[in-house]
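This report refers to the structure that appears directly beneath it.
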Amino acid sequence: MPYADPEKRKEAKRKYYSQRYKGSPKFRKEEAQRKAEWYQENKEYCDAKTYARRALLQEAKLTKPKKASKVSKTSKTTVRKKTRK
């Protein structure tokens with residue numbers, strides 16, 4: 001096997017795909033078509049993942065502590081400076 005190391009294999013595949021994608025408009029069009037078909041075939045899976053992710057984000061948002069509210073300028077009291085004698 002040319003790339004027995006999974007990290008090197010992953011990097012080589014990424015580089016190869018990137019070069020093909022940048023260099024060939026035909027390849028880009030075919031990939032877009034392939035991805036669209038896959039999405040249509042697996043729409044329930046994609047939607048379920050999206051809904052699950054949104055639920056996690058909403059839950060994290062609800063459990064996140066709120067920031068302290070700012071004091072408005074009108075509610076501040078003025079403090080007199082003490083004068084030296």
Residues 35-50, side-chain donor-acceptor partners within the protein, below 3.5 Å, at least two apart:
{"from": "Glu37", "atom 1": "OE2", "to": "Gln33", "atom 2": "NE2", "distance (Å)": "3.0"}
{"from": "Asn42", "atom 1": "ND2", "to": "Trp38", "atom 2": "O", "distance (Å)": "2.9"}
{"from": "Thr50", "atom 1": "OG1", "to": "Cys46", "atom 2": "O", "distance (Å)": "2.9"}

Can you find a heavy atom in the side chain of Lys13 that is under 4.5 Å from one in the side chain of Tyr16?
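SC-SC contact between Lys13 and Tyr16 ruled out.
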Hey, what do you get for CD (Glu30) to OG (Ser24), rounding to the nearest 0.5 Å?
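Between Glu30 CD and Ser24 OG, I get 7.0 Å after rounding to 0.5 Å.
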Would you compute the distance between atom CD of Glu31 and atom CZ of Arg20 and round it to the nearest 0.5 angstrom?
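If I round to the nearest 0.5 Å, the distance is 7.5 Å.
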Ring center gap for Tyr17 and Phe27 short of 6.0 angstrom
yes
Correct closest heavy-atom pair for Arg28 and Lys22 would be NH2-O, 3.5 Å
I'd like to know if Lys8 pairs up with Glu11 as an ion pair, taking the criterion as any Lys NZ or Arg NE/NH1/NH2 lying under 4.0 Å from an Asp or Glu carboxylate oxygen.
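Here Lys8 does not pair with Glu11 in a salt bridge, since their nearest N and O are not under 4.0 Å apart.
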Look at atom CZ of Arg14 and say whether more than 12 heavy atoms of other residues, nucleotides or ligands are closer to it than 6.0 Å.
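Counting other residues, nucleotides and ligands, CZ of Arg14 exceeds 12 neighbours.
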